[in-house]
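Below, each value reflects all heavy atoms present in this structure, side chains not excepted, and no hydrogens, waters or symmetry copies. The sequence lines fix the lettering, A, B, ..., with proteins before strands; numbering per chain opens at 1. In this text the structure is predicted, and so the values were computed from the model without any measurement.
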Amino acid sequence: MNAVKPANYAKVKAQELQGKLYLAAKENPKRRFHALYDKIYREDILWEAWRRVKSNKGSGGVDGITIEHIEEVYGAERFVAEIREKLISGTYHPLPARRIEIPKPDGKLRPLGIPPIIDRVVQMATKIVIEPIFETDFKNCSYGFRPKRSQHGAIRHIRREIRKGVCWVVDIDIKGYFDNIQHEKLMKLVEQRINDRRILKLLWKWLKAGFVKEDQFYETELGSPQGSVISPLLSNIYLNYLDTIWENKFTEIGAIVRYADDLVILCKTKEQAMKSIDVLKAVFSKLEIQINTSKSKLINLWDDKIGFDFLGMHHRKIPKQVKGIERYILRSYPSKKAMKKMKEKVKEVTEPRNRLFWTMNKMVEELNPKIQGWRNYYGLDSFADLFLNKIDWYIRKRLMLFWNKKRNRRKKHSNSRLAGIVAQYSGLKKLVG
DNA sequence: TTGTGGGTTAC
RNA sequence: AUUGUAACCCACAA
């Protein structure tokens, strides 16, 4: 008799394992785990890993196998079973990643290494098993790529610190962080917690898997490929070295808040800020990474003349009347870059050129989810309403333009009035209000 | 409560 | 064509 397994059986079992590993690691901070490899080929773990990779709907790797192909031709059951066999017999070997380059917001190119689906699944299984162990070591100041931690958490952390009287902010950009991670140093840090040789070997192989670009194979002797599943975790393990040193020795000179490779240090005095930069340089030289001096800044937050960008928001002290006295309060609102990006997205959707046959409803349908998303992200601070209002106004202006073009007429009525009517009858959402 | 589908953000 | 991790939101289905 077979007991019927619920649909989320694998998910629950994976969570159970993660909980156990988390507690075991927390209980003994020095413990090095050795029996982990047999966990990654557990059927429930592999199924959960496959489910997660599948739900990302990413494209195929260098072997050309796509998620669609596995599901509809090959069969997920067979795919997972074969991965399991390969892991058990030790015949699993990663393939090189497929290298592509995508444009970054600043116009430069970001190299991406896309591993084949099979490697993504094995990496995900490994991540499920080892992540809870490292989670116990990660510090409170680290927010990027971590479960249950968000950009909003990082921003709230900053706002909390600044309310304590911080005036000096060190804003650090690391030169090509992912691409400069040293394999040997990273693995030394991994080995502080893991001594399962088969797991370590897997991690080595993924780091050294290389990539293929235009049918040419390239080796990777440095860096962790952006696009692979474990890279974000590995990058946090690497920089946790900094977090740990900071928490043990330097909390007095400032508070560090980190989102992946983007970090700020919040200090009360200029001297502390300068000292922080020295400490960072010393730690970075040990990790063999470098500060991008042209993008890093030291900011004095004492008035409303200057602020800093972090996680898509601009943070600056703005005067506010509180019970008759003027006070400077930290405000967080969309950065110039973010404003530009939102306007561009709106323009893209409302471009009348090829959308003339669209109905107003269709356009609103397209716009509403975006508005919802922006609202959720930037609506953190009520001061941001000032800026979000501008975007609302811009959306209505663009919609007006579309409406007039469609009706093939020049504006006869007041734009703002018509825009109001248009919005009212079409169910367009607002960023503010 | 769980499972789909759409979207935003960050890096 | 565009990968990855994470958070959040909305809609739908039982």
### Task
Determine yes or no for a side-chain-to-main-chain donor-acceptor pair under 3.5 angstrom, with A/N236 supplying the side chain and A/G144 the backbone.
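Yes, because the side chain of A/N236 sits within donor-acceptor range (under 3.5 Å) of the backbone of A/G144.
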
Please check: side-chain N/O of A/Y37 versus main-chain N/O of A/L87, any donor-acceptor pairing under 3.5 Å?
yes

*Measure from the side-chain heavy atoms of A/I114 and tell me the nearest of C/A6, C/U3, C/A7.*
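Output: C/U3.
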
Among the nucleotides C/U2, C/U5, C/A7, whichever has the atom closest to the side chain of A/R98 is C/U2

Quiz prompt | Sidechain N-carboxylate O distance under 4.0 Å for A/E82, A/K86 | solution =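 Answer for the salt bridge query: no.
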
Interatomic distance at C1', C/A1 relative to B/dT8, whole Å:
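About 22 Å, rounded to a whole number of Å.
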
Between [atom2] of [N] and [atom1] of [X], the distance in whole Å:
{"X": "A/D119", "N": "C/U5", "atom1": "CG", "atom2": "C1'", "answer": "17 Å"}
{"X": "A/F211", "N": "C/U2", "atom1": "CZ", "atom2": "P", "answer": "16 Å"}
{"X": "A/I100", "N": "C/A1", "atom1": "CD1", "atom2": "P", "answer": "10 Å"}
{"X": "A/I117", "N": "C/U3", "atom1": "CD1", "atom2": "P", "answer": "10 Å"}
{"X": "A/F134", "N": "C/A6", "atom1": "CZ", "atom2": "P", "answer": "16 Å"}
{"X": "A/R258", "N": "C/A7", "atom1": "CZ", "atom2": "P", "answer": "16 Å"}
{"X": "A/I128", "N": "C/A6", "atom1": "CD1", "atom2": "C1'", "answer": "14 Å"}
{"X": "A/K11", "N": "B/dG3", "atom1": "NZ", "atom2": "P", "answer": "4 Å"}

- Query: Between A/Y218 and A/F211, does the ring centre distance come in under 6.0 Å?
  - Reply: yes

field: Ring centre gap for A/H314 and A/F308 strictly below 6.0 Å
entry: no

Using a cut-off of 4.0 Å on non-hydrogen atoms, how would the nucleic acid contact of A/R375 be classed: base, sugar-phosphate, or nothing?
nothing

Touch check for A/G144, heavy atoms < 4.0 angstrom, all strands: base, sugar-phosphate only, or nothing? nothing

[N] phosphate, OP1 or OP2: any side-chain N/O from [X] under 4.0 angstrom?
{"X": "A/S231", "N": "C/G4", "result": "no"}
{"X": "A/S228", "N": "C/G4", "result": "no"}
{"X": "A/K127", "N": "C/A6", "result": "yes"}
{"X": "A/N56", "N": "C/U5", "result": "yes"}

Walking RNA chain C from its 5' end, the first of A/G60 and A/R52 to be reached, judged by nearest nucleotide, is A/G60

Note, RNA chain C 5' to 3' with Watson-Crick or G-U pairs under 3.5 Å encoded as ( ), [ ], | and . gives ...|||||||||||

Minimal heavy-atom distance between A/K317 and A/V166, with the atoms involved, is NZ-O, 3.6 Å

**OP:** Please report the C-alpha distance between A/K175 and A/I291 in whole Å, then the side-chain angles of each, then the deciding distance to 0.1 Å, and finally whether the side chain to side chain contact (heavy atoms under 4.5 Å, CB included) criterion is met.
**Re:** CA-CA 6 Å; A/K175 249 186 225 168; A/I291 293 175; over 6 Å; no

| message | A side-chain contact here means heavy atoms from C-beta on lying under 4.5 Å apart; do A/F79 and A/V121 qualify? | response |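 In contact.
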
Paired with A/Y333, the ring-ring contact (aromatic ring centres under 6.0 Å, His included) test is passed by just one of A/F383, A/Y378, A/Y377, namely A/F383

For nucleotides 5-11 of chain B, 5' to 3', base contacts (B), sugar-phosphate-only contacts (S) and non-contacts (-) with protein non-hydrogen atoms under 4.0 Å give -SSSBBB

- So A/E191 and A/K188, salt bridge (Lys or Arg N to Asp or Glu O under 4.0 Å) or not? Walk me through it. CA-CA 5 Å; A/E191 283 166 26; A/K188 277 241 170 68; over 6 Å; no

